[in-house]
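Inspection log for the structure reproduced underneath, given as structure tokens.
Here is the naming used below: chain letters follow the sequence lines, and residue numbers restart at 1 for every chain.
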Amino acid sequence: MMQLEATNLTKSYHEHEVVNIEKVAFGAMGLEGLIGPNGAGKSTLMGLLTRRIAPTSGSIKLSTDTGTKSLNPLRSHEVARIGLIKTNQRIQGFDSLTIRDSLRLAMTPPDAEGLKSIFAKTRDSDEVEEKVSYYVEAFPFTDREGHARSGGEKKLVDILRCLIAEPKLLLMDEPTAGLPDDITRKVMNMVREKVASGAMRVVVVEHDLPLIWEYCDYVHFLSEGSILFEGEPDEVKSNRVVAEKYMGV
Amino acid sequence: MFEVENLRSGYGEIGVLKELSFAVQDEIFAVLGSNGAGKTTLLKTLARLLPVQSGRLKLDGKDVTDAPAHTMPGAGVAYVPQEGNVFPDLSVMENLSIGGRTGHRPKAEKLEEVFTLFPRLKERTSQAAGSLSGGEGQMLAVGRALMQDPKVLLLDEPSAGLSPIFVDTLFSSIAETRKERGVTIVLAEQNAVKTLEIADRVMVLSLGEMHLLRNRSELTMKDITAAYHI
Amino acid sequence: MLIVDAIFIGLLEASPLILAAMGFTLIFYLNGFMNIAYAESITFGAYFAILFNVVLGAHFYVALLPSMLLSGAMSVAVYLAIFRPALNRGVGPTEMIILSVGVSFLLRYGLILIVGPENLFLNEPSIVYMQVLGLGATNLQLVALALVFAMAGILYWMVYYTGLGEQMRGLANNRELAMASGINPHVTSMAIWFIAGCAGGMSGVFSGVFAQVTPYMGWNVILITMLVTIVAGVGSVRGAFVAAVVAGILTAFITLVTKPLYADVVLLLAFIGVLTYRGARTA
Amino acid sequence: MDYLIFSLSLMMVYIGLAQLLHLQFGMAGIPNFGVVGFWGIGLYGTGVLYVQFGFPLFLAIIVASAVAAAVGYVLALLVLQRSGQAILAATLAFAAIVATLVVTEKGLTGGVQGLGTIGFPLRELDARNLVYLGLLVVIVGAMIWVSARVRDSRFGRILSAIRDNEELAASLGKDTAATKRMLFAITCGLMGVLGGLTAPLHQFLVPYLLAPSLTFAVWIALVLGGKNHNLGAMIGVFVTFGLFDILVETYAPVPAEQAILLPNLKLFCYGVLLVAIIMFRPTGLLGVDSPRSPKRPASGAGRDVSTRGAE
């Protein structure tokens with residue numbers, strides 16, 4: 001069981017309501033998509049769910065087998081520690097870390113990175129190195145031992161950081177923007193495998209709708225700050241409201 | 001007006017537009033496309049706020065491929081971005097006044113025109129632009145651009161995030177501006193239905209490439225749906 | 001009576017600070033970094049006054065104008081030679097501050113190498129003590145107060161009521177939109193650096209005439225100027241004006257009720273407190 | 001005390017301070033402009049405890065340093081999550097408070113007259129001075145060694161991540177605020193230790209020692225040498241303090257009447273150097289340390305440092 005639930009969630013800027021959601025649950029269906037026209041509030045919703053943006057009102061709860069936890073009082077890093085991580089729409093990275101270091105960082109637990117680690121004999125365990133190598137070698141980086149070179153490589157590292165951290169629920173904010181097609185497919189296939197194996201649940205926010213139709217088990221449609229329709233890809237695709245909102249009827 | 005030849009553009013290393021060629025005449029030229037199709041990139045490039053990676057850009061036959069952005073208003077181009085389209089700390093009046101710096105007609109005359117088009121702005125002249133509602137902000141943004149007395153008006157998704165009533169008002173204002181003042185309008189939109197009501201020609205972008213370019217009369221919703229992948 | 005005294009003394013002491021804070025704020029608002037070398041606009045203003053007033057023998061009030069303008073010109077020159085290229089290279093805000101420390105050293109010690117480290121004195125206009133509202137003050141203090149407030153008023157008017165102010169605030173607010181609205185960022189920036197330099201210069205001349213002209217005089221007020229600016233909030237000229245007046249009055253008040261030196265401590269602690277609640281947040 | 005040994009001892013202190021600033025700013029991105037304040041707490045704390053309260057010297061140093069660390073922790077709680085400019089202004093203000101309090105608390109510190117350090121163990125010119133210099137070299141050497149360990153450790157990796165993009169690090173589950181606080185408190189405490197160790201070098205502790213120029217000298221040295229390089233602090237101090245204060249001021253044959261201008265010329269040169277470095281070589285003389293990662297597959301392609309950001 002794994003579910004991220006938002007209830008009566010609102011966010012306003014200058015009395016302008018960007019998000020107003022009565023109830024929505026993510027993570028119940030495996031690989032889910034979140035779509036909607038520009039200005040629908042998708043990015044704001046992602047920010048609210050990961051506590052980067054404080055909501056105007058409403059509650060967010062994460063339920064797992066071990067119990068239910070409210071995210072409202074948590075800080076950004078605490079949200080990540082209970083298993084909720086987001087990839088970034090705009091390119092974000094650690095400029096001074098190599099690709100490998102960036103991935104090592106993402107999968108190292110907090111208790112292994114304290115002051116004591118300054119005097120540790122080896123830096124990272126074999127398990128860490130193995131996993132990092134697996135991800136780095138799966139993709140054609142220009143310099144596997146060095147830094148991400150292009151915007152595309154930085155974007156890919158951003159996604160891999162989140163995958164290697166093995167969250168319970170991964171939110172992917174426009175993962176394809178800036179990535180070549182073949183890399184996108186490879187990433188999405190990897191994500192699909194992980195979801196199928198039960199390792200994690202994923203929500204993908206995308207404007208590349210063909211990708212959504214191909215990969216997602218379930219799609220949420222957000223427009224004007226509210227969830228207007230939810231269902232399996234075919235249902236959403238053929239739904240009149242969705243078409244109308246995209247086309248502007 | 002605008003002639004675009006083999007245009008490539010994007011942010012830093014990332015290319016968004018791939019070899020785009022078209023010409024805008026004296027008309028409402030609509031650019032339709034789903035999220036991420038490259039509409040904003042195109043308009044920013046036309047406003048010279050993004051560097052041209054390759055290709056040429058001509059305005060009234062004059063090459064403006066490398067013209068600095070701040071000279072474009074003088075050449076008759078006004079640009080309304082989708083986000084950050086007003087100066088939030090400045091009052092409504094100051095926003096309009098900044099727009100009114102170019103052109104030959106007196107400010108007062110242009111102000112009167114903008115207030116006729118958007119009467120709501122007149123009630124809020126001393127309010128900070130950042131405190132306006134989304135719809136009012138959009139009106140102010142368009143009003144500011146019109147204060148420049150432009151020959152070409154570049155509008156980037158003016159309907160995004162607006163309630164349907166505001167969208168109606170805004171689109172009729174755009175149509176009116178075209179009719180009354182003969183301004184050429186390049187309108188980037190996701191909202192296809194509303195756009196088709198006022199556009200003369202429509203270009204549909206899909207993932208940075210031109211999907212089609214036709215007169216409105218030759219276009220069906222089905223053509224567009226295909227580009228939107230719905 | 002204590003309060004009236006505090007306000008009066010505060011205003012007198014704060015008067016040069018008000019101009020400095022406003023000029024410093026203009027640059028902070030426009031370019032987004034704290035320009036520590038602004039201290040040298042203040043110092044050089046006073047030294048230019050020495051040049052005109054002492055060396056060339058002009059009357060103090062006559063020397064004021066060219067000193068101010070030269071200080072503004074120097075500010076533009078430094079901007080064009082150093083700060084603009086650095087900003088164009090994408091130097092971050094913290095590095096810009098360190099850079100400005102370097103510029104500050106360069107100018108200050110360059111000045112000392114040329115004119116020497118001695119303290120100098122301006123030839124004050126003849127001093128008359130008078131009673132105003134039961135408080136003692138000299139005619140110079142009153143004229144200075146009036147001039148400073150006039151200049152502050154002009155600055156305020158320029159920022160909030162003129163086309164240049166509009167353009168400058170527009171440029172600081174949303175650079176891309178400003179350029180798309182036809183604002184030439186280079187010309188506007190140069191104008192702002194000039195005006196900020198003039199304000200600093202005038203502040204320096206008045207600080208100099210009330211006490212003495214030293215190479216460190218700008219440096220001595222730059223910390224308080226910085227703090228006033230930050231407390232006023234990022235780049236509100238209106239706020240810098242108010243904060244400078246309040247800081248001046250507060251210092252005077254605390255000085256009157258406690259041992260003088262504690263006034264600084266209390267004020268600095270108050271600033272840190274304000275930063276805790278008002279400073280921009282990171283993650 | 002022999003002037004050269006005194007100067008070299010002081011140089012060690014400067015290297016140590018610059019090395020700690022390297023940890024704070026170069027590694028974690030915290031712009032501490034209150035270096036002289038933390039050092040000053042150590043200096044005066046040690047002096048007061050030793051002279052006024054009869055503490056043994058090393059106990060006095062420990063207590064004073066603990067105070068510096070505690071003050072660092074409190075300051076970190078107050079402003080470390082604010083913008084860089086706010087941190088900079090707050091630390092600068094803090095140092096000014098320390099300098100002012102030293103003047104006002106005459107009863108303890110001797111005020112502007114200064115605090116005579118009669119009885120410190122280094123007054124006589126003998127071998128003990130050399131031993132003390134040796135001690136400073138060892139302590140500063142240890143700091144450089146630990147910095148290298150930090151750079152190569154998992155803890156150092158987090159610091160780099162925080163400096164590069166704190167929000168991103170937090171979104172990956174790193175408690176960036178607590179990490180910065182801890183680092184800041186410890187390094188400020190160590191600045192206090194260096195202050196305490198400076199106390200015996202001076203015959204008199206005077207408030208002038210607490211002028212912000214020390215902070216700037218340390219900053220200039222670090223930026224000059226290379227803020228992101230483990231040896232940048234040392235090289236920077238060699239170039240600034242070593243070259244100007246020791247070599248030129250002591251040994252250059254300058255006529256007496258011009259000699260008074262030397263310190264000004266020195267600071268003028270510092271300014272020129274600093275501007276030139278930031279404009280033309282923002283990573284400093286040494287550039288950037290390449291991060292060593294202990295395990296690498298045999299393929300080991302050449303590591304390209306040139307793509308690393310200046311930050």
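Annotation for G182(C) and P73(B): closest pair N-CG, 3.2 Å, computed over non-hydrogen atoms. Residue G170(C) comes nearest to I98(B) through the heavy atom pair CA-CD1, 4.1 Å, listed as atom of the first residue, atom of the second, then distance.
One finds no salt bridge joining R101(B) and E166(C) here, because no Lys/Arg side-chain nitrogen approaches an Asp/Glu carboxylate oxygen to under 4.0 Å.
From H70(B), atom NE2 reaches atom OG1 of T188(C) across 9.0 Å, with rounding to the nearest 0.5 Å.
With chain C as the partner, the residue from E94(B), K44(B), M72(B) showing the most heavy-atom pairs under 4.5 Å is E94(B). Of all the listed residues (L154(B), V77(B), V80(B), N85(B)), the one sharing the greatest number of non-hydrogen pairs under 4.5 Å with chain C is N85(B). Chain C forms more heavy-atom pairs under 4.5 Å with one residue of G74(B), G130(B), A145(B), P88(B) than with any other, namely P88(B).
With contacts defined as side-chain heavy-atom distances shorter than 4.5 Å, the pair S181(C)/F87(B) qualifies. Between M179(C) and L49(B), some side-chain heavy-atom pair lies under the 4.5 Å cut-off. Side-chain contact check for Y29(C) versus D89(B): some heavy-atom pair is nearer than 4.5 Å.
For P81(B), the part lying under 4.5 angstrom from a heavy atom of chain C is the side chain only. For Q148(B), the part lying under 4.5 angstrom from a heavy atom of chain C is the side chain only. For S97(B), the parts sitting under 4.5 Å from any heavy atom of chain C are the backbone and the side chain alike. For V86(B), the part sitting under 4.5 Å from any heavy atom of chain C is the backbone (N, CA, C, O) and nothing else. Heavy-atom distances place no part of N95(B) under 4.5 Å from chain C, backbone and side chain included. Proximity to chain C (any heavy atom under 4.5 Å) is restricted, for R144(B), to the side chain, taken from C-beta onward. Contact of A178(C) with chain B is made through backbone and side chain together, with heavy-atom distances under 4.5 Å.
Crowding of K107(B) atom NZ: a count of heavy atoms from other residues, nucleotides or ligands under 6.0 Å exceeding 12.
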